[in-house]
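First up is the structure itself, then whatever we jot down about it.
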Amino acid sequence: MKPPSDFFERVYAVVRRIPPGRVTSYGAVACAIGAAGAARTVGYAMNASQNDPTVPAHRVVNRVGLLTGKFHFGGLQAMQQQLEEEGIEIKNDAVVHFQRHFWDPMTDDSEASAPFLPHRK
DNA sequence: CCGGTGACCATTA
DNA sequence: GTAATGGCCACCG
């Protein structure tokens, strides 16, 4: 087996912490692992995560809540299907009420709501 | 060592 | 509001 780089493993750890019915953005994960700015690398790690079913990559979307990685999934509908199963509504390959389902690995507000908006004031 | 690639993000026009 | 460009970081050959 080829153990993934420490960086990848760190990404997997964060993604695995994502509670069901919640979604997060690559930038948030990157920042959580201390690699702020390496959001692209996070997506790259996700691609390798497909080998690890323990990583719910379908819960990871871009900052606009768009399922940019659906093309890399087995089926284009697979990612959307999974999210809908979690209770998340998808419209035009985009997460509805993305803010509401947004979950920050650092905030870890699995119980409390997340009025926190990634919007820069 | 160097170049190319990528499931991104931010700024500017 | 949308569209286009640059920059950032990490992995692969």
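Chain identifiers are assigned alphabetically (A, B, ...) following the order of the sequence lines, protein sequences preceding nucleic acid strands; residue numbering begins at 1 within each chain. Computed from a predicted structure; not experimentally measured.
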Are any protein N/O atoms closer than 3.5 Å to N/O atoms in nucleotides 9-13 of chain C? If there are, list each pair with its distance.
residue	atom	partner	partner atom	Å
dC9(C)	O2	T41(A)	OG1	2.7
dA10(C)	O4'	T41(A)	OG1	2.9
dC11(C)	OP1	S5(A)	OG	3.3

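Between L83(A) atom CG and dA7(B) atom P the separation is 18 Å, expressed in whole Å. One can place CZ of R63(A) at 11 Å from C1' of dT11(B), the figure rounded to the nearest angstrom. The interatomic distance linking Y26(A) (OH) with dG6(B) (C1') rounds to 11 Å, in whole Å. Atom pair M46(A):CE and dC9(B):P shows a separation of 13 Å (rounding to whole Å applied). Atom CG of N51(A) is separated from atom P of dA7(B) by 17 Å (rounded to the nearest Å).
Among the heavy atoms of the strands lying under 4.0 Å from N62(A) are primed sugar atoms or P, OP1, OP2 only; no base atom is included. Residue contacts for F71(A): at a heavy-atom cut-off of 4.0 Å it reaches no nucleic acid atom on any strand shown. Among the protein residues, A48(A) comes within range of no part of the nucleic acid, since none of its heavy atoms lies under 4.0 Å from any strand.
Counting heavy atoms from C-beta outward, V11(A) and S49(A) have side chains that stay 4.5 Å or more apart.
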Run F98(A) and V64(A) through side chain to side chain contact (heavy atoms under 4.5 Å, CB included) and show every step you take. CA-CA 8 Å; F98(A) 172 63; V64(A) 290; over 6 Å; no
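Using a distance-only test at 3.5 Å, with no hydrogens or angles considered, a donor-acceptor pair links the side chain of D104(A) to the main chain of M106(A). In this structure, the side chain of N62(A) engages the main chain of G65(A) through a donor-acceptor pair within 3.5 Å.
For dC8(B), neither phosphate oxygen OP1 nor OP2 lies less than 4.0 angstrom from any side-chain nitrogen or oxygen of S25(A).
Here Y44(A) pairs with F8(A) under the side-chain contact (heavy atoms from CB on, under 4.5 Å) rule; sequence neighbours left out.
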Listing, residues 80-95 of chain A side-chain donor-acceptor contacts under 3.5 Å, not counting sequence neighbours, or none:
residue	atom	partner	partner atom	Å
E86(A)	OE1	G21(A)	N	2.9
E86(A)	OE1	R59(A)	NH2	3.3
E86(A)	OE2	R59(A)	NH2	3.4
D93(A)	OD2	K70(A)	NZ	2.4

